[in-house]
Amino acid sequence: MNLKALLVEISFYEAHFRSHYVRTNPVTYPIPLPTSVAGIFGAMLGWERNHLPTEIYTGAKVLKPGRIFTEAYTYIHFDTPQDARRGAAEMQVISEPCYLIALASTDYDKLKEWSETLEEERYCFLPYGGQNDFFVKDIRFKGVHDTTMSKEVEGYAPLSLVERIEATGETPIVESLHTSYRRRHGELFLFVIKNAKLILREEVLSVDGIPLYNPLKDFYVPRG
């Protein structure tokens, strides 16, 4: 696939990318999934939530992993409009993370338009780190890059596609969490946090080590 991709370095004061499969004491993905990356680009570029461009490919990798800590929060759960239950719970929060996020498209004219918007910092909205009370810290547009097909990637990939993990420095860190990849409930993904890369069984579309996925076709997208 001869595609171009936009790269953006983005950091947050705090972030929480909620795992789909944890109802209480929410766990965060250490890296925003392609659906979250599409949402981040969508905020900056003015896409409507339920009308994302279909032929896009997104992904991310860690530049600075940040520190994960547990934070208490309060909630109100409405069983019925007249019956509200209040409570407290804990959630994982990532402090000061920084990511490289990518957006590729088959529509080069649109990609050029989006790149100009990002380069000129004409954002429609400032994105947030998974939830609207986690504010963006910095956004740096890194330009338009060529994509490639590769078996060596960073970021994340389904365990079923990974042949092995290869260290690229001291103390490599790779985490595993369940996702909803290609509509399969609980598909295990490996997330590269530090000093490692994933060697895959087959080549995938990628840019600067980031494997790219179609967020609408490859993942469950919450609606509403």
Side-chain angles (χ1 to χ4, degrees), residues 1-11 15 17-22 27-38 40-41 55-68 92 94 97-106 111 130 142-221:
M1 235 184 287
N2 185 21
L3 301 183
K4 300 285 186 179
L6 309 181
L7 290 178
V8 171
E9 181 181 321
I10 190 165
S11 59
F17 304 104
R18 184 185 181 115
S19 168
H20 298 142
Y21 300 104
V22 181
V27 171
T28 181
Y29 292 115
I31 311 171
L33 288 180
T35 46
S36 296
V37 174
I40 291 170
F41 276 109
E55 294 306 314
I56 59 172
Y57 301 83
T58 57
K61 71 177 182 180
V62 171
L63 294 180
K64 176 188 172 187
R67 179 178 64 87
I68 292 182
Q92 286 186 341
I94 312 171
C98 182
Y99 305 103
L100 189 64
I101 61 174
L103 165 67
S105 174
T106 56
L111 204 71
K142 295 297 184 178
V144 183
H145 296 249
D146 291 320
T147 63
T148 186
M149 299 298 292
S150 177
K151 288 185 177 182
E152 298 185 7
V153 300
E154 302 167 57
Y156 34 60
L159 178 61
S160 59
L161 192 60
V162 176
E163 183 175 283
R164 69 181 188 276
I165 300 169
E166 190 171 295
T168 59
E170 293 185 1
T171 319
I173 302 174
V174 177
E175 294 184 10
S176 61
L177 280 171
H178 293 291
T179 68
S180 58
Y181 180 61
R182 291 185 177 173
R183 311 301 189 207
R184 289 195 292 269
H185 183 83
E187 180 77 5
L188 198 63
F189 255 55
L190 297 183
F191 295 80
V192 174
I193 311 302
K194 180 182 178 182
N195 293 341
K197 61 183 176 181
L198 306 176
I199 310 302
L200 306 181
R201 303 181 192 282
E202 60 186 59
E203 291 184 336
V204 299
L205 183 69
S206 64
V207 58
D208 199 19
I210 301 171
L212 298 170
Y213 304 83
N214 184 304
L216 294 180
K217 294 179 181 177
D218 289 343
F219 290 86
Y220 167 74
V221 181

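Source: prediction; values computed, not measured. Below, all heavy atoms of this structure are taken into account, side chains as well, without hydrogens, waters or symmetry copies.
- Two residues are said to be in side-chain contact when any heavy atoms from C-beta on lie closer than 4.5 Å; L198 and I165 meet this criterion.
- Closest approach of P32 and A60 over heavy atoms only: O-CB, 3.9 Å.
- For the pair R201 (side chain) and V162 (backbone), a donor-acceptor distance under 3.5 Å is present.
- Side-chain atoms of T147 come within 3.5 Å of backbone N or O of L3 as a donor-acceptor pair.
- The two residues L111 and L103 make their nearest non-hydrogen contact at CD1-O, 3.9 Å.
- Here the shortest heavy-atom pairing between L212 and G59 reads CD2-N, 3.9 Å.
- Side chain of K194 to main chain of E170: no donor-acceptor pair is present (N/O by atom type, distance under 3.5 Å, no hydrogens or angles).
- Under the 4.5 Å side-chain criterion, counting only non-hydrogen atoms from C-beta, I40 is in contact with I10.
- With values rounded to the nearest 0.5 angstrom, L7 atom CG is found 9.5 Å from K142 atom NZ.
- Heavy atoms only, all atoms of each residue included: Y29 and I94 are closest at O-CD1, 3.6 Å.
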Taking it one step at a time, do Y99 and V62 satisfy side chain to side chain contact (heavy atoms under 4.5 Å, CB included)? CA-CA 5 Å; Y99 305 103; V62 171; 4.1 Å; yes
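- Atoms NZ and OG, on K61 and S206 in that order, are 10.0 Å from each other to the nearest 0.5 Å.
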Side chain to side chain contact (heavy atoms under 4.5 Å, CB included) between T179 and L33, intermediate numbers included: CA-CA 9 Å; T179 68; L33 288 180; 4.2 Å; yes
Is there a side-chain hydrogen bond (donor to acceptor under 3.5 Å, both in side chains) between S160 and E187? Walk through the geometry before answering. CA-CA 9 Å; S160 59; E187 180 77 5; 3.3 Å; yes
Between M149 and L205, is a side chain to side chain contact (heavy atoms under 4.5 Å, CB included) present by the stated rule, with each step listed? CA-CA 5 Å; M149 299 298 292; L205 183 69; 4.1 Å; yes
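- No close placement of the Y156 and Y181 rings is indicated, their centers lying 6.0 Å or farther apart.
- No donor-acceptor pair closer than 3.5 Å links the side chain of T58 to the backbone N or O of V37.
- Scanning all heavy atoms of the two residues, the minimum distance from Y213 to P158 falls at OH-CD, 3.8 Å.
- Distance CD1/I193 to CG/N195: 11.5 Å, rounded to 0.5 Å.
- Taking 4.5 Å as the limit, every side-chain heavy atom of D146 sits out of range of all side-chain heavy atoms of V207.
- Side-chain atoms of T148 and E203 include no donor-acceptor pair closer than 3.5 Å.
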Kindly determine whether K197 and E154 satisfy salt bridge (charged side-chain N to carboxylate O under 4.0 Å, His left out), including the steps that lead there. CA-CA 5 Å; K197 61 183 176 181; E154 302 167 57; over 6 Å; no
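- When all heavy atoms of A38 and I56 are compared, the closest pair comes out as CB-CD1, 4.4 Å.
- Note that CD1 of I31 and CG of L63 are 10.0 Å apart. Values are rounded to the nearest 0.5 Å.
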CA sep, side-chain torsions, deciding dist, call: E55, K217, side chain to side chain contact (heavy atoms under 4.5 Å, CB included): CA-CA 9 Å; E55 294 306 314; K217 294 179 181 177; 3.4 Å; yes
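- Atom CD1 of I199 is separated from atom CZ of R164 by 5.0 Å, given to the nearest 0.5 angstrom.
- In terms of modelled atom types and a separation under 3.5 Å, the side chain of S150 and the main chain of E152 share a donor-acceptor contact.
- Of the possible donor and acceptor atoms, one in the side chain of T28 sits under 3.5 Å from a partner among the backbone N and O of F17.
- To the nearest 0.5 Å, the span separating NE2 on H178 from CG on L159 amounts to 10.0 Å.
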